[in-house]
Engineer: 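The structure follows.
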2 protein chains.
Amino acid sequence: MPPGTPRSPATLHDVAREAGVSLATASRSLNGSTRRVNEEYRARVVAAAERLGYIANFSAQAIAKGMSPTVALVVSDIADPYFSSIASGVMRGADESGLLVTMAVTERSAARELGIVKSLRGQRPRVLILTGSRFLDSAGEEEALTRELAAYEESGGRVVVVAQQSLPFDTVQMRNYEGARDLARALADRGNRRFAAITGSRSLLTSADRLQGFRDGLAESGIELPDELVVAGEFTRDGGYAAAGELLERGLDGVDVVFAVSDVMAIGTLSRLRDAGVDVPGRIGVAGFDDIATAADVTPALTTVRLPLVEMGRLALEMALREREDGERQVRTVGGAVLLRASTR
Amino acid sequence: MPPGTPRSPATLHDVAREAGVSLATASRSLNGSTRRVNEEYRARVVAAAERLGYIANFSAQAIAKGMSPTVALVVSDIADPYFSSIASGVMRGADESGLLVTMAVTERSAARELGIVKSLRGQRPRVLILTGSRFLDSAGEEEALTRELAAYEESGGRVVVVAQQSLPFDTVQMRNYEGARDLARALADRGNRRFAAITGSRSLLTSADRLQGFRDGLAESGIELPDELVVAGEFTRDGGYAAAGELLERGLDGVDVVFAVSDVMAIGTLSRLRDAGVDVPGRIGVAGFDDIATAADVTPALTTVRLPLVEMGRLALEMALREREDGERQVRTVGGAVLLRASTR
DNA sequence: GCATATCCGGCAAGCGCTTTCCTTGCTACG
DNA sequence: CGTAGCAAGGAAAGCGCTTGCCGGATATGC
């Protein structure tokens, strides 16, 4: 055999031969089974496996068992701290359960999301976790996605969606509306009177809910959020930066606080205001939503609504792994805690 | 069949039957092959697949081909923006090449890293990308890891390590030493004279290189970095925060700039100083390394050394996918550009 | 002491694909 | 018109593993 020829890794077959037992016994010894195997054999097999550096071929196991020990995770953008925190929770949980995580990125496109789900299904993962907001206006894709996910569950998989109440599957849901409303109340209580808002695309559910909550919270104090002071941008740092610029052009005189529907956007806003030489919170305050890790580290520290992102990821996985009681859809809701920090007064 | 029975997804077999062709023809039509198949048949197969919602079973393909169309990515911590940026680049590249990404987290433990690599090998991925710094003092694990990786390459896989010059595999390397040296020069040129430093664990290669580069850069201007002003902490935001506290206790009088060996640590430092009421950069400046996304968004904006993180991830994957010319080890080096921002004077 | 139950190896049949090899039906050429 | 050459479909042999079933050996009951 010429050097450089891929020497394939030891197979179970090799191990069985080396240990002088049958394939079946080797399999049962190494990879778990309901059946017990005599300790003496077991030891021999384990030793042989060790000697040969045997590592079970997941694909083969997957195919023999009809399902692979992996969880598929779909996020909008892994570089976004919101998603990377959730992913972190999922991965930690997966590790504890001996599952591999395969991840894919939608780049916030409903079409890509659908394609990704289809291709992930090719893996026959045990669990599929979907995070990232639904769009109000992508009904076509959404229906196709629902069909795809339903078919996947039908074939024995489990899907959990994080933060998208609109899909008929197990859900980890966050109180977007309530959190934003509480934030508005807290801000109003502190004497802030005029507000502006920066939202994601109007069709983004999460964004819309938060905005509505904020609006309603203000309304309780008789405060109105004027439409001309609500500007939409991409649901990213740069989107926040750009939207803040737009707001600046429209004139922010007399506005006490700008509410951005996510921390990432709020941080963009903060930067835009800083670049314009606007003092925060002296001249104007900024508030966000999510409490991503850096929210506490920007200056001034960002007022926001804390979401337990890492735990949400973990929770999603737990729900997926739990035996379903009675075919009922599970919905777990996590709340947000208002965190008043230095970026508002 | 009672409802709720997992109805397994359509197999290639089903498609072949539906289309009235053989398994072989169906396979060749759908999943690519060197052999051509008559257009009429092809169309029939494709139509049948569409009708049945057929999705190829990756595991089965993997097992038949001996290798699965996935790239395994190992990072220290996905919630860390440094890693999530690299991961983002890898995932984008993978998507373009039709590969799935499976990811695992070492939590900065060499032992866990080894375990993870072993378990990932079970997937028989085409590519394995390792990011995260090596440790100087984990020789045992490192040797075992090298053996494991070598065996993996032997069996046809490709490994690329990012930022760890010490492993004998294809490498995307960054100029840690030079970047830090250039930063030191730039800072000294601007008239800064007294420095302190915050590093990761002393045994962390990346950290050590950056510190040494910084030292040597200062030395060119005849400036010394006193040992008592170098404090080590965890390679995280909290580590930076804690280390800065330690530095504060030791007394920072007269120090012009604190250099933290990573932006994440620098941001912790910034927060610690802010909490202590120390004006940055008025009383003291802070500099980091990496240029993670938020570096520009903290206030004051962080002086740092820019590394093209996303591109590094993408590059790593490209290298792995490129045919190896002649068994030679490839090393690609990316440089860092000094970015003087508001956090230093 | 015999029948029955229990334990545990091993055999072999898959799991869903790819790919080699065989076969058939053409085209091309002398 | 005969034969070599080629294109393309199909049969079947795996790929590495799990697991239902069989059967020999040992334990248990009357």
Side-chain angles (χ1 to χ4, degrees), chain A residues 6-45 48-49 52-70 119 121-126 155-156, chain B residues 6-46 48-49 52-70 121-126 155-156:
Chain A
R7 197 195 56 214
S8 35
T11 71
L12 189 57
H13 191 87
D14 301 331
V15 174
R17 188 153 31 85
E18 172 89 7
V21 301
S22 76
L23 212 53
T25 302
S27 170
R28 294 197 266 250
S29 305
L30 292 175
N31 305 326
S33 140
T34 45
R35 291 220 354 214
R36 273 213 349 255
V37 7
N38 184 307
E39 185 47 36
E40 185 204 338
Y41 283 86
R42 240 190 70 81
R44 245 160 61 198
V45 172
L52 298 179
Y54 170 74
I55 299 174
N57 184 324
F58 276 35
S59 300
Q61 293 188 302
I63 204 182
K65 292 188 174 153
M67 186 149 289
S68 83
T70 67
S119 102
R121 278 194 68 196
Q123 266 222 11
R124 306 288 188 271
R126 263 183 64 180
S155 69
Chain B
R7 198 195 56 213
S8 34
T11 71
L12 188 58
H13 190 90
D14 301 331
V15 174
R17 188 153 29 85
E18 172 88 7
V21 301
S22 75
L23 211 52
T25 302
S27 170
R28 294 197 266 250
S29 305
L30 291 175
N31 304 325
S33 139
T34 45
R35 288 211 8 201
R36 270 209 354 252
V37 6
N38 184 308
E39 185 47 35
E40 185 205 338
Y41 282 88
R42 240 190 71 79
R44 243 160 63 199
V45 172
V46 170
L52 299 180
Y54 170 74
I55 299 175
N57 184 323
F58 275 34
S59 299
Q61 293 188 302
I63 206 184
K65 292 189 174 153
M67 185 150 288
S68 84
T70 68
R121 280 193 67 196
Q123 268 221 14
R124 306 289 187 272
R126 263 182 65 180
S155 70

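All values derive from a computational prediction rather than experimental measurement. Letters A, B, ... are given to chains in the order of the sequence lines, protein chains preceding strands, and every chain is numbered from 1.
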Engineer: Any side-chain donor paired with an acceptor under 3.5 Å for A:Thr70 and A:Gln123?
Structural biologist: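 Yes, A:Gln123 and A:Thr70 have a side-chain donor paired with an acceptor closer than 3.5 Å.
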Engineer: May I have the distance from A:Gln123 (atom CD) to C:dG16 (atom P), rounded to whole angstrom?
Structural biologist: 16 Å
Engineer: For A:Leu23 and A:Ala64, take the nucleotide of DNA chain C holding the closest heavy atom to each; which residue's nucleotide lies nearer the 5' end?
Structural biologist: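 The residue mapped nearer the 5' terminus is A:Leu23.
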Engineer: Sort out for me which residue in A:Val21, A:Val37, A:Leu23 forms a side chain to side chain contact (heavy atoms under 4.5 Å, CB included) with A:Arg28.
Structural biologist: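 That would be A:Val37; it is the only one of A:Val21, A:Val37, A:Leu23 passing the side chain to side chain contact (heavy atoms under 4.5 Å, CB included) with A:Arg28.
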Engineer: I need the CD-P distance between B:Glu40 and D:dG9, as an integer number of Å.
Structural biologist: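 After rounding, the reported distance stands at 10 Å.
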Engineer: Mind checking salt bridge (charged side-chain N to carboxylate O under 4.0 Å, His left out) for A:Arg35 and listing every partner two or more places apart, or none if nothing turns up?
Structural biologist: none
Engineer: Select base, sugar-phosphate, or nothing to describe what B:Ala62 touches, counting heavy atoms under 4.0 Å on all strands.
Structural biologist: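 The residue B:Ala62 makes no contact with any strand.
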Engineer: What's the CZ-P distance between A:Arg17 and D:dC17, to the nearest Å?
Structural biologist: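 Taking CZ of A:Arg17 and P of D:dC17, I get 13 Å after rounding.
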Engineer: Might you point out which heavy atoms bring B:Leu12 and B:Tyr54 nearest each other, and give the distance in Å?
Structural biologist: N-CE1, 3.3 Å
Engineer: Counting only side-chain heavy atoms from C-beta out, which of C:dG10, C:dC15, D:dA7 sits nearest to B:Arg36?
Structural biologist: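 Out of C:dG10, C:dC15, D:dA7, the nucleotide with an atom closest to B:Arg36's side chain is D:dA7.
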Engineer: Could you state the atom-to-atom distance from NZ of B:Lys65 to C1' of C:dT20 in whole Å?
Structural biologist: 16 Å
Engineer: Nearest to the side chain of A:Ser27 - D:dT18, C:dC11, C:dG16?
Structural biologist: D:dT18
Engineer: Nearest to the side chain of B:Ala60 - D:dT18, D:dG16, C:dC17?
Structural biologist: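 For B:Ala60, the side-chain atoms sit closest to C:dC17.
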Engineer: Would you say a side-chain N or O of A:Ser22 is under 4.0 Å from OP1 or OP2 of C:dG10?
Structural biologist: yes
Engineer: When you match A:Ala24 and B:His13 each to their closest nucleotide on DNA chain C, which lands nearer the 5' end?
Structural biologist: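 Checking each residue's closest nucleotide, the 5'-ward one belongs to A:Ala24.
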Engineer: For B:Glu39 and for A:Ala10, find the nucleotide of DNA chain D with the closest heavy atom, then tell me which residue's nucleotide is more 5'.
Structural biologist: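 So the residue in question is B:Glu39.
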Engineer: Test your reading of the model: is there a side-chain donor-acceptor pair from B:Arg124 to the backbone of B:Ser68, 3.5 Å cut-off?
Structural biologist: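 Pair absent, no side-chain N/O of B:Arg124 close to backbone of B:Ser68.
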Engineer: For the pair made of CG in A:Asn57 and P in C:dC17, what is the distance, rounded to whole Å?
Structural biologist: 16 Å
Engineer: Looking at A:Gln61, does any N or O in its side chain come under 4.0 Å of the phosphate oxygens OP1/OP2 on D:dT18?
Structural biologist: yes
Engineer: Start with the C-alpha gap between B:Arg42 and B:Val46, add the side-chain angles, then the distance that decides, and say whether side-chain contact (heavy atoms from CB on, under 4.5 Å) holds.
Structural biologist: CA-CA 6 Å; B:Arg42 240 190 71 79; B:Val46 170; 4.1 Å; yes
Engineer: Using a cut-off of strictly less than 4.0 Å, decide whether B:Asn31 has a side-chain nitrogen or oxygen near OP1 or OP2 of C:dT18.
Structural biologist: yes
Engineer: Looking for any heavy atom pair under 4.0 Å, which part of the strands does B:Tyr54 touch: base, sugar-phosphate only, or nothing?
Structural biologist: sugar-phosphate
Engineer: Quick one: does A:Arg28 reach the base of C:dG10 with a side-chain donor-acceptor pair under 3.5 Å?
Structural biologist: yes
Engineer: When the distance from CD1 of B:Ile63 to P of C:dT19 is rounded to whole Å, what number comes out?
Structural biologist: 13 Å
Engineer: Ignoring hydrogens and angles, answer whether the base of D:dG9 and the side-chain atoms of B:Arg35 contain a donor-acceptor pair closer than 3.5 Å.
Structural biologist: yes
Engineer: Can you figure out which of D:dC15, D:dG9, D:dT19 approaches the side chain of B:Tyr41 most closely?
Structural biologist: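 Closest of the options to the side chain of B:Tyr41: D:dG9.
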Engineer: B:Arg121 CZ to D:dG16 P: how many Å, rounded?
Structural biologist: 14 Å
Engineer: Measuring from the side chain of A:Val37 (C-beta onward, heavy atoms only), which nucleotide among C:dT18, D:dC17, C:dG9 has the closest atom?
Structural biologist: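 Of the candidates, C:dG9 comes closest.
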Engineer: Quick one: A:Phe58 CZ to C:dC17 C1', roughly how many Å, whole number?
Structural biologist: 20 Å
